[in-house]
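Read the structure below first, then the notes.
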Amino acid sequence: MPELPEVETYRRFIDETSLFQPITEVEVQDPKRQLQVDLDDFRRTLRGEQFTQTARIGKQLFLETARGPIVTMHFGMTGDVAYYKDEADTPRFARAIFHFENGFKFAFLDSRKFGRLGLTQSVAAFRLQKKLGPDALTLSTEELTQGLARKKSAIKPLLLDQRIAPGVGNWIADEVLFQAQLEPERPADSLQPAEVDRLATCIREVLETAIAAEAIYRDFPSHYLIHAREWDEAPASATKDAHLHCPRCQTLIQKKYVGGRATYFCPNCQV
DNA sequence: GCCTATGTTTCAGT
DNA sequence: CACTGAAACATAGG
């Protein structure tokens, strides 16, 4: 699930549950695959340590500790978080578990194991190394213009480029383009300045709306395209492949692949 | 068994 | 060098 709104929601969850609690033990189920540093180093660094604050750039989360080292967390396609006390409540797919002195545990869940945990000394250094652009939640028109400069490819894959608008994922990209009424395959260099400005505004507004709904899609406004993706939200009478209609003009929502990713759009509203 | 999947990286080809 | 498309990763769910 995790695009920027989910990661921001996880960040707030961690702020509410897991700060200022001494860490007594750390478990990582499949360190070879999901931990980017040595497991013993990771545990030695964190035992006796505590998380003091969190930060986020795009889909990348940072858990800062009192003594300095920062845990980096990326949720891949299926990452999630949990906080619980009883062993019996250990959630399915808990891939990393941080035990606190008060008996509670914070778990990093991830069925597909595409998520990654690591350590860094500085958020700024990590950002440079990963070439992450300015966070999409506060992306300005100037920053977006800069990111799209001299780009000729379709606008949608560029929105997914974490160097340009980190935090935008496949579903949010479709929503943003729908709200901005732009065709996903428009070449970036064909966008007029007013269209880039509209796009930047829609990126921020869609993300703010999604965060306000704690990334629960069924709570998104009814004029959002996202509902066309949630087939199980469709009326029981609808058949599985019955595409939903555009909330603006009722035209049938189309699906195609753009940049290799499933893309939903309204062929009438988006030009 | 078949297909799809909210992400990222890597590699081959143009 | 820039860009594109496909594959790979590992697993669940329909």
Side-chain angles (χ1 to χ4, degrees), chain A residues 1-10 28-36 56-61 72-81 91-96 108-118 126-127 129-133 136 147-178 184-185 187-190 203 206-207 209-211 213-220 224-234 236 238-243 255-264:
Chain A
M1 300 174 189
E3 299 188 37
L4 188 151
E6 287 87 347
V7 178
E8 177 62 17
T9 302
Y10 300 163
V28 182
Q29 191 192 78
D30 190 352
K32 248 178 126 173
R33 194 156 312 282
Q34 300 201 267
L35 188 62
Q36 295 172 310
R56 181 191 57 70
I57 302 174
K59 303 167 194 168
Q60 188 71 51
L61 190 62
T72 61
M73 217 171 256
H74 193 290
F75 296 90
M77 292 265 269
T78 54
D80 203 348
V81 294
R92 202 176 170 201
F93 310 125
R95 306 299 190 189
F108 172 91
L109 320 179
D110 185 9
S111 70
R112 282 175 74 177
K113 296 194 198 176
F114 286 174
R116 297 290 179 265
L117 300 175
F126 187 91
R127 154 178 248 152
Q129 190 212 327
K130 292 284 182 179
K131 301 187 170 72
L132 294 173
L148 299 180
R150 296 174 299 283
K151 302 286 187 192
K152 294 180 179 143
S153 68
I155 185 64
K156 170 161 174 175
L158 291 173
L159 288 181
L160 297 177
D161 186 334
Q162 303 299 298
R163 294 168 299 187
I164 296 176
V168 175
N170 199 36
W171 292 22
I172 294 289
D174 283 0
E175 189 63 58
V176 162
L177 290 168
F178 175 72
E185 294 189 286
D189 63 0
S190 77
I203 290 172
V206 167
L207 290 171
T209 301
I211 291 169
E214 296 183 327
I216 299 168
Y217 300 125
R218 66 174 170 278
D219 293 342
F220 286 11
Y224 268 40
L225 176 74
I226 193 115
H227 303 295
R229 261 193 149 100
E230 292 214 290
W231 304 116
D232 52 10
E233 289 297 310
T239 56
K240 200 179 59 158
D241 57 346
H243 283 219
K255 176 185 179 181
K256 68 161 110 171
Y257 284 83
V258 177
R261 310 298 303 276
T263 299
Y264 293 74

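Lettering of chains follows the sequences in order, A, B, ..., and the numbering in each one begins at 1. Since the model is a prediction, treat every value here as computed from it, not as a measurement.
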Spacing of [X] atom [atom1] relative to [N] atom [atom2], expressed in whole Å:
X         : N       : atom1 : atom2 : result
Leu158(A) : dT8(B)  : CG    : C1'   : 16 Å
Asp189(A) : dC3(C)  : CG    : C1'   : 13 Å
Leu61(A)  : dT8(B)  : CG    : P     : 14 Å
Phe93(A)  : dT6(B)  : CZ    : C1'   : 16 Å
Asp80(A)  : dT11(C) : CG    : P     : 17 Å
Asp161(A) : dG5(C)  : CG    : P     : 14 Å
Arg112(A) : dC3(B)  : CZ    : C1'   : 12 Å
His74(A)  : dG7(B)  : NE2   : C1'   : 6 Å

Q: Could you check if a side-chain atom of Phe75(A) sits within less than 4.5 angstrom of a side-chain atom of Lys59(A), using non-hydrogen atoms only?
A: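 No; the side chains remain at least 4.5 Å from each other.
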Q | Gln60(A) side chain reached by Arg127(A) side chain, heavy atoms, under 4.5 Å | A | no
Where the side chain of [X] is concerned, which of [options] is the nearest nucleotide?
X         : options                 : result
Glu3(A)   : dT8(B), dG7(B), dA12(C) : dG7(B)
Ala262(A) : dA5(B), dT8(B), dA12(C) : dA5(B)
Asn170(A) : dT6(B), dT8(B), dG13(C) : dT6(B)
Trp171(A) : dT6(B), dG7(B), dA5(B)  : dT6(B)
Lys255(A) : dT4(C), dG7(B), dA5(B)  : dA5(B)
Lys130(A) : dT4(B), dG7(B), dT9(B)  : dT9(B)
Arg261(A) : dA12(C), dT4(B), dT8(B) : dT8(B)
Lys151(A) : dG7(B), dC3(C), dT11(C) : dC3(C)
Phe114(A) : dC9(C), dT8(B), dG13(C) : dC9(C)

Q: Could you pull out all residues at least two apart from Lys130(A) that satisfy salt bridge (charged side-chain N to carboxylate O under 4.0 Å, His left out)?
A: none
Q | Contacts of Glu8(A) that satisfy salt bridge (charged side-chain N to carboxylate O under 4.0 Å, His left out) - sequence neighbours left out | A |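 Partners of Glu8(A) under the salt bridge (charged side-chain N to carboxylate O under 4.0 Å, His left out) test: Arg11(A), Arg12(A), Arg56(A).
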Q: Check the surroundings of atom CD in Gln36(A): do more than 12 heavy atoms from other residues, nucleotides or ligands lie under 6.0 Å from it?
A: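 Buried by this count: over 12 neighbours within 6.0 Å.
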(Q) For the CG atom of Leu132(A) and the CZ atom of Phe126(A), what is their distance to the nearest 0.5 Å? (A)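 The CG atom of Leu132(A) sits 7.0 Å away from the CZ atom of Phe126(A).
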Q. Is it true that a side-chain atom of Glu6(A) and a backbone atom of Glu214(A) form a donor plus acceptor pair closer than 3.5 Å?
A. no
Q | Flag, side chain of Arg261(A) to backbone of Asn170(A), donor-acceptor distance under 3.5 Å | A | no
(Q) Heavy atoms only, 4.0 Å cut-off, all strands: where does Lys59(A) land among base, sugar-phosphate and nothing? (A)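 Here Lys59(A) touches the backbone only, sparing every base.
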Q) How do Arg150(A) and Gly260(A) order along DNA chain C: which one's closest nucleotide is nearer the 5' end? A)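 With Arg150(A) and Gly260(A) compared, the 5'-side residue is Arg150(A).
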**Q.** Nucleotide-level pairing of DNA chain B, given in dot-bracket where Watson-Crick and G-U pairs need both distances under 3.5 Å and | marks other strands
**A.** .||||.||||||||
Q: Check whether any side-chain N or O of Gln162(A) sits under 4.0 Å from OP1 or OP2 of dG7(B), and answer yes or no.
A: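 For dG7(B), neither OP1 nor OP2 has a side-chain N or O of Gln162(A) closer than 4.0 Å.
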Q) At under 4.0 Å, does any side-chain N or O of Tyr257(A) touch on OP1 or OP2 of dA5(B)? A)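 So the side-chain polar atoms of Tyr257(A) do come within 4.0 Å of the phosphate oxygens OP1 or OP2 of dA5(B), strictly under.
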